[in-house]
Structure formats: structure tokens, C-alpha cells
Amino acid sequence: FINSKIFDKNAFHFDENVLNKLSPERYDDFTYYVWRLDRIDYPIHTVIKRIQSVALYSIFHPRRILRLQDNELRYTNEDQFTMAELFNTVNSYLWEELHTSNNINSHRRELQKSHINLLRTISLDMYNYTSFPNDAKILARSNLKSTLKNIYHTLSNTTLDEYTRVHLESCSEDIESILEARINLN
């Protein structure tokens with residue numbers, strides 16, 4: 001459901017006439033909020049990014065990941081849902097354009113950056129502040145490596161638009177820095 005309604009590349013397709021009629025809420029808190037508005041048009045990208053990020057971070061909340069890890073021990077059925085399945089399914093769905101060599105729309109680019117930031121949080125949790133299990137850290141790192149490999153392959157495609165190309169270059173730099181991260185202790 002979340003993949004098709006929130007993460008899908010066409011999930012947020014709007015009629016331009018409707019978008020032109022939207023306006024930001026001007027009476028948010030009744031404390032002169034209207035005078036602090038930084039823009040008068042509706043911030044559609046900001047709203048969509050917030051919806052997608054909340055859904056993504058909710059799926060990968062440490063408590064949910066820990067429960068999923070525990071459930072792998074409790075239920076040994078053939079159809080059990082595993083942590084590896086969660087990580088790999090979400091990763092392949094969010095980065096499906098890498099397999100089809102299609103251009104990436106602006107909503108998906110924001111979602112993919114949020115995904116990289118989430119995997120950074122999970123994999124670089126050296127002091128266990130977020131309480132992700134070690135298996136989650138390993139899977140996050142594995143997803144970053146496979147995504148980086150697919151990005152390199154996709155960047156060889158010369159038909160990508162400029163937005164997609166520079167987005168993928170930026171993502172590859174971000175992933176490389178995550179994978180090369182080291183702790184320096186004095």
C-alpha cells in the first residue's frame with residue numbers, strides 16, 4: 001500500500017489547474033503567522049517530501065525493526081516477513097529507475113535523498129544511540145553498496161536528463177562518503 005500510494009513515482013500527479021488554486025494556510029496558529037510566511041504559493045514539494053519522509057522513517061523506526069528481528073525468531077513459517085526482505089524491497093522500489101534507466105522526477109529525487117539519509121543514520125550508528133540492531137546496520141550498508149553500483153551503471157546512460165544525472169552524481173558522492181566514514185578518536 002505504501003509503495004503504491006506514497007512512494008510510487010506517479011503517486012503525486014496533480015492537475016496544474018488545481019495546483020494553481022492552492023494556497024498556504026494563513027491562519028495556522030493565530031499568532032500573526034501570516035506575517036511570517038516566506039512564500040505565498042503552496043509549497044507542494046515540501047508537503048510531499050514531508051509525507052514521504054514520515055512514511056519512510058516510520059517504516060524503519062528502530063522499535064519496528066527490533067520487533068521485526070524478534071518476530072523472525074518467533075515465527076519460522078515459509079512466508080515470514082524478514083528484515084532483509086524489508087530493506088531489499090524498499091530499496092529496490094525506491095530506486096527502480098536505476099533498473100529501467102528512466103529519468104527520475106523531482107518527488108522521487110527528494111525521496112531517494114531521504115532514503116540515503118535514513119540508511120546513513122542506520123549504518124553509522126556507532127554508539128548505538130538509535131538502538132538499531134547490528135543486522136539492520138549491515139543491511140543498510142549492503143543497500144548502499146548495491147545502490148551505488150546501480151548508480152554507476154545508470155550514469156553511463158547518455159539519455160538521462162540533467163536533473164537525473166546530477167542527482168545521481170550527488171547521491172553517489174553521498175553514498176561514497178557514508179561507506180568511507182571512519183571514526184577518529186583522539
With no hydrogens and no angle check, is any side-chain donor or acceptor of Arg109 less than 3.5 Å from a backbone partner on Thr164? no

Mind checking whether His115 and Trp95 have parallel, tilted or perpendicular rings, split at 30° and 60°? tilted

Cluster link Val54 to Val47, ILVMFWY, side chain under 4.5 Å: no

Check whether any side-chain heavy atom of Tyr163 lies under 4.5 Å from a side-chain heavy atom of Ile104, and answer yes or no. no

Closest non-hydrogen atoms of Asn103 and Leu160, given as atom of the first, atom of the second and distance, are OD1-CA, 3.3 Å

Sidechain-backbone polar pair: Thr121 side chain, Asn117 backbone, donor-acceptor under 3.5 Å: yes

Quick one, Ile65 with Met83, criterion side-chain contact (heavy atoms from CB on, under 4.5 Å). Give me CA distance, side-chain angles, the key distance, then yes/no. CA-CA 7 Å; Ile65 298 295; Met83 194 184 323; 3.7 Å; yes

Tell me, do Ser58 and Arg64 make a side-chain contact under 4.5 Å, heavy atoms counted? yes

Is Leu66 reachable from Leu118 through a run of hydrophobic residues whose side-chain heavy atoms are each under 4.5 Å from the next? no

How far apart are the closest heavy atoms of Tyr57 and Ser114, and which atoms are they? OH-O, 3.7 Å

Is there a continuous path of hydrophobic side-chain contacts, each under 4.5 Å between heavy atoms, that joins Val166 to Leu155? no

For residues Arg50 and Thr46, determine if any side-chain heavy atom of one lies less than 4.5 Å from a side-chain heavy atom of the other. yes

List the atom of Asn157, the atom of Thr159, and the distance in Å for their closest heavy-atom pair. OD1-OG1, 2.7 Å

Glu97 versus Asn105: any side-chain heavy-atom pair under 4.5 Å? no

Inspect the contact between Arg108 and Glu96 and indicate whether a charged nitrogen and a carboxylate oxygen are less than 4.0 angstrom apart. yes

Quick one: closest heavy-atom pair of Pro62 and Phe132, and the distance? CG-CZ, 3.7 Å

At their closest point, which heavy atom of Ser123 faces which heavy atom of Arg141, and how far apart are they? CB-N, 4.3 Å

His99 and Asn150: side-chain contact (heavy atoms from CB on, under 4.5 Å), yes or no, with the steps? CA-CA 8 Å; His99 301 290; Asn150 292 332; 3.5 Å; yes

What distance do Asp135 atom CG and Ser142 atom OG have between them, rounded to the nearest 0.5 Å? 12.0 Å

Ser106 vs His45, side-chain contact (heavy atoms from CB on, under 4.5 Å): CA-CA, chis, key distance, verdict: CA-CA 8 Å; Ser106 58; His45 277 91; 2.6 Å; yes

Any chance you could measure Ile178, atom CD1, to Ile116, atom CD1, to the nearest 0.5 Å? 6.5 Å

Please say yes or no: joined through hydrophobic side-chain contacts below 4.5 Å, possibly via intermediate residues, are Leu179 and Tyr152 part of one cluster? yes

Does any pair with a residue in residues 79-91 pass side chain to side chain donor-acceptor pair (under 3.5 Å), and if so which ones, sequence neighbours excluded? Asn88-Asn143, Asn91-Thr147

Step by step, would you call Leu148 with Lys145 a side-chain contact (heavy atoms from CB on, under 4.5 Å)? CA-CA 5 Å; Leu148 183 60; Lys145 286 179 180 180; 5.8 Å; no

Is there a path of hydrophobic side-chain contacts, each under 4.5 Å between heavy atoms of I, L, V, M, F, W or Y residues, that connects Ile51 with Leu111? yes

Looking at the rings of Phe60 and Phe87, which for Trp means the six-membered one, are their centres under 6.0 Å apart? yes

Just how far is it from atom NE2 of His167 to atom CD of Gln112, taken to the nearest 0.5 Å? 4.0 Å

I'd like to know if the side chain of Arg63 pairs up with that of Ser131 as donor and acceptor (distance under 3.5 Å, no hydrogens or angles considered). no

Taking the side chain as every heavy atom from C-beta outward, state whether Ile48 and Glu110 have any pair of such atoms under 4.5 Å apart. no

Looking at side-chain heavy atoms only, is the closest gap between Leu139 and Ile122 below 4.5 Å? no

How many angstroms lie between CZ in Arg74 and CZ in Arg67, if you round to the nearest 0.5 Å? 8.0 Å

Can you find a heavy atom in the side chain of Thr154 that is under 4.5 Å from one in the side chain of Leu168? yes

Does atom NZ (Lys113) have a neighbourhood of more than 12 heavy atoms from anything else shown, all under 6.0 Å? yes

